[in-house]
Amino acid sequence: MKHLLSIEKLPQADLEKILTAAAVMKRERGAHQLQPLAGQTWALIFSKSSTRTRVSFEVGVSELGGRPMFLSAADIQLGRGEPIKDTARVMARMLHGAVFRTFAQRDVEEFAQFSGIPTINALTDEEHPCQILADIFTVQEKRGNIAGKVIAFVGDGACNVPVSWMFAAAKLGFELRLAAPKQFQPDAALLRRAGGKIVCTEDLKAAAEGADVLYTDVWVSMGKEAESAERLKALAGYQINESLVKLAKPGALVMHCLPAYRGREIDADTFEANAQTIFDQAENRLHVQKAILTWTVS
Ligand code: CP
Ligand code: NVA
């Protein structure tokens, strides 16, 4: 049984297999005959908001011959406290796979364990593996092999997106620089688990110097709204803007997982100047997730 629960637990060979298959999915969209999910129904269980992940999985499951069933956690008994392990065992009797967006990573892992059907992490507080696979695919599509490149992340360096980037760094051999205030840097234990070449710094200019990619994410992740005031204050200045882009390698990619908050983690002009890359990145969620779905049932 194959699950995509985290980049941390995804073997390097499978990671590479998914990236290779994603290129075929993109190239042959609309023309390929692959229907690996024919006759299957997949649940999309979401405890948090989503635009990209929901749409790309609904479209992706359909294009692979399956039927997506969107379930807002608030509308099913899970939202009223039914245990994950009971939800998982019920769903396993009726469904063929599940895509789960929630808060705790352990909940997605428990779902996978008790359901025994392919389970995909569609974002937790700890990781966002589908996003990072699409991001790596985008870098490689535009700039070739990511090995040896420098990815500079600016902003909340301890949230799900940078953490998934961290676990990819050692597997694919790129350098990751995380520019964040001390309290928004990943802790030492997490850094040890990730291994690889990861530099944490409060100095965003040093992080951007000569980088191949400048990347950012929201300052206030879903579930952290109560900390908004404190985060906006601490993260002020950790922004991708024209002066930061000038420090990066000429032609550096500017990337954002979206949704973007202009004037916070990125300024409006820099966002628009890099919209082509950013929306290619969003589109690539579809192609990469079709590769992930196919991999789980192969
Ligand atoms: N980047 C991303 O996962 O977007 P959504 O929250 O809209 O799914
Ligand atoms: N770190 C963000 C990612 C959104 C796609 C969040 O968790 O809200």
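Each ligand, and each atom within it, is numbered from 1 in the order the structure gives.
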Legend entry - ligand 1 to Pro259 polar contact by distance, N or O atoms, under 3.5 Å: no

Inset, instruction - Give yes or no for whether the N/O distance cutoff of 3.5 Å, strictly under, is met between Leu123 and ligand 1. - result: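 By distance alone, the answer is no.
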
Legend entry - Per atom 6 (C) of ligand 2, closest listed option by heavy atom (Gly155, Ser49, Ser221): Ser221

Inset, instruction - Tell me, please, which residues at least two apart from Lys197 pass side chain to side chain contact (heavy atoms under 4.5 Å, CB included). - result: Glu175

Inset, instruction - Report the C-alpha separation of Phe174 and Trp165 in whole Å, then their side-chain angles, then the decisive distance to 0.1 Å, and conclude whether the ring-ring contact (aromatic ring centres under 6.0 Å, His included) test is met. - result: CA-CA 10 Å; Phe174 58 85; Trp165 269 108; 5.5 Å; yes

Legend entry - Check ion pair Glu272-Arg262 (N to O, under 4.0 angstrom): yes

Legend entry - Under-4.0 Å salt bridge between Lys142 and Asp280: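 A salt bridge is present here (some side-chain N lies under 4.0 Å from a carboxylate O).
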
Inset, instruction - Using the ring-ring contact (aromatic ring centres under 6.0 Å, His included) rule, take Trp219 and Tyr261 through it: C-alpha gap first, then chi angles, then the decisive distance, then the call. - result: CA-CA 9 Å; Trp219 288 348; Tyr261 290 83; 9.6 Å; no

Inset, instruction - Please identify which atoms of ligand 1 are closer than 4.0 Å to at least one heavy atom of Cys257. - result: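 In order of number, 1 (N).
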
Legend entry - Heteroatom distance test (Asn160, ligand 2): nitrogen or oxygen, under 3.5 angstrom: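 Between Asn160 and ligand 2 (N or O atoms, distance only) the closest approach is under 3.5 Å.
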
Inset, instruction - Could you tell me whether some N/O pair between Arg101 and ligand 2 is separated by less than 3.5 angstrom? - result: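 Between Arg101 and ligand 2, no N or O pair is found under 3.5 Å apart.
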
Only heavy atoms of [X], strictly under 4.0 Å: list the atoms of ligand 2 that pass.
{"X": "Leu258", "value": "5 (C)"}
{"X": "Val218", "value": "2 (C)"}
{"X": "Met222", "value": "6 (C), 7 (O), 8 (O)"}

Inset, instruction - Quick one: look up the protein heavy atom nearest atom 7 (O) of ligand 1 and list residue, atom name and how far away it is. - result: Thr51 N, 2.7 Å

